[in-house]
Amino acid sequence: MSGKFLSSRVQALELTPEGVKLLDQTALPGKVSYLLIRTAQEMANAIETMLVRGAPAIGIAGAYGVVLSARHYTSRTELSLDAMREAIASDAEMLAQTRPTAVNLFWALAEMEAVLQRVDTNPAELLEALTEKALQIHREDIIACQNIGEHGATVIPKGAGILTHCNAGALATGGYGTALGVVRSAFAKDASIRVFADETRPRLQGARLTTWELVEDGIPVTLVTDNMSGSLMQAGKVDVVVVGADRITANGDTANKIGTYNLALIAHAHGVPFYVAAPLSTIDMAMPSGERIPIEERNPEEISTINAELICAPGVGYYNPAFDVTPAKYIAGIITEKGIARPPYAESLAKLFNH
Ligand code: MRU
């Protein structure tokens with residue numbers, strides 16, 4: 001590692017004395033607007049409605065939601081310390097009910113829960129310890145992403161065409177990105193790389209968010225629709241695919257935004273290496289393989305409407321899973337902050353955790 005890192009101008013969330021300042025990702029790229037989230041309930045709504053999204057960012061948002069809960073209950077002096085801890089734990093449980101697939105949320109809430117269990121002295125110390133833990137989760141995510149970027153840049157050939165899906169960038173993390181962290185680090189070394197962003201139906205995270213944050217940071221990017229990846233690879237324009245992850249199981253199977261699996265198959269057919277970039281907090285070593293990953297089903301309106309206009313015949317059926325699972329056999333490497341895991345993943349991922 002060089003120890004000298006790039007940063008991004010883009011930041012999805014920040015803990016302030018008044019609450020959590022959230023960049024409203026549903027309004028981008030048309031409007032750059034911020035919301036002040038003041039309660040755990042507001043944070044749960046923000047996660048559920050995707051004002052904040054992306055696995056690591058959801059984890060950080062969950063941790064900050066617990067801090068907001070602690071701010072509220074530790075100011076209620078009529079409550080005993082045990083009653084406060086119980087109320088905060090119940091808010092953490094509510095935050096856990098928001099989005100099921102990204103394991104970072106449950107990982108971050110478990111970290112907060114451990115602090116909640118440990119600190120039994122007084123409300124002020126409890127609030128301070130929970131705040132420090134949440135800030136640490138945020139800080140360490142940025143550092144992890146910068147290290148992912150450094151490791152990932154080593155697999156990007158000179159002048160490569162890089163295709164990415166959804167948004168696994170600064171917006172989806174503490175502030176640097178996983179797949180886009182690799183792009184940022186590669187671009188810093190070689191400005192001739194070319195980035196292609198899948199539009200990513202139905203929520204358009206690629207078109208709305210990936211293009212916006214790369215343009216903000218001065219990295220040229222070309223937008224393609226999801227059904228263009230085959231033709232793009234046939235034309236020889238893609239040298240490597242890099243995507244993020246919401247949950248990676250112990251054998252390397254990877255849940256990520258719907259359409260990632262299609263992309264892996266097309267990349268496989270064209271001999272294009274397909275990489276997943278994710279911090280260790282996205283790896284669920286307790287889950288042996290991908291078929292057990294809970295896949296979030298979202299509102300059918302996401303696929304039946306565009307700008308609130310119905311785009312299909314009334315009365316049709318809907319299927320709207322937000323994520324799919326790419327089998328490990330299609331993944332050339334999993335780029336983490338501790339290095340790149342290669343197949344067989346059962347061994348290489350376990351080794352990363354033991355170092
Ligand atoms: O539904 P979203 O927008 O939260 O889905 C985001 C993704 O699928 C990302 O690729 C993943 O969370 C990794 S973010 C670094």
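Both ligands and their constituent atoms are indexed starting at 1 by order of listing.
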Closest protein heavy atom to [atom], given as residue, atom name and distance to 0.1 Å:
| atom | answer |
| --- | --- |
| atom 15 (C) of ligand 1 | Thr178 OG1, 3.2 Å |
| atom 13 (C) of ligand 1 | Ala245 O, 3.3 Å |
| atom 14 (S) of ligand 1 | Ala172 CB, 3.5 Å |
| atom 5 (O) of ligand 1 | Lys257 CE, 3.3 Å |
| atom 7 (C) of ligand 1 | Asp246 OD1, 3.3 Å |

Carboxylate-amine/guanidinium proximity below 4.0 Å for [X] and [Y]:
| X | Y | value |
| --- | --- | --- |
| Arg201 | Asp226 | no |
| Arg194 | Asp239 | yes |
| Arg99 | Glu48 | no |

(message) For atom 6 (C) of ligand 1, tell me which residue out of Arg53, Arg298, Arg203, His165 has the closest non-hydrogen atom.
(response) Arg53
Heavy-atom contacts under 4.0 Å between [X] and ligand 1: side chain, backbone, both, or neither?
| X | value |
| --- | --- |
| Arg99 | side chain |
| Asn167 | backbone |
| Met50 | side chain |

Number the atoms of ligand 1 from 1 as they appear, then name those within less than 4.0 Å of a heavy atom of [X], with their elements.
| X | answer |
| --- | --- |
| Asn256 | 7 (C), 8 (O), 9 (C), 10 (O), 11 (C) |
| Pro56 | 14 (S), 15 (C) |
| Cys166 | 5 (O), 6 (C), 7 (C), 8 (O) |
| Thr173 | 15 (C) |
| Gln205 | 1 (O), 2 (P), 3 (O) |

Using a distance-only test with no angle check, is there a side-chain donor-acceptor pair under 3.5 angstrom linking [X] and [Y]?
| X | Y | result |
| --- | --- | --- |
| Glu297 | Asn320 | no |
| Gln146 | Glu150 | no |
| Ser289 | Glu291 | yes |
| Asn104 | Thr282 | yes |

(message) Count I, L, V, M, F, W, Y as connected when their side-chain heavy atoms are under 4.5 Å apart, and connections chain through other members. Are Ile142 and Ile219 then in the same cluster?
(response) no
(request) Looking only at distances, please establish whether an N/O atom of ligand 1 is found under 3.5 Å from an N/O atom of Gly169. (result) no
(request) With Val276 as reference, evaluate Thr336, Thr326, Thr254 under the side-chain contact (heavy atoms from CB on, under 4.5 Å) test and give the passing residue. (result) Thr254
Give the table of side-chain donor-acceptor pairs shorter than 3.5 Å for residues 75-86, with sequence neighbours excluded, one pair per line with atom names and distance.
from, atom 1, to, atom 2, distance (Å)
Ser75, OG, His72, O, 2.7
Arg76, NE, Glu78, OE2, 2.7
Arg76, NH2, Glu78, OE2, 3.3
Ser80, OG, Ala83, N, 3.0
Asp82, OD1, Arg85, NH1, 3.3
Arg85, NE, Leu116, O, 3.0
Arg85, NH2, Leu116, O, 3.2
Arg85, NH2, Gln117, O, 2.9

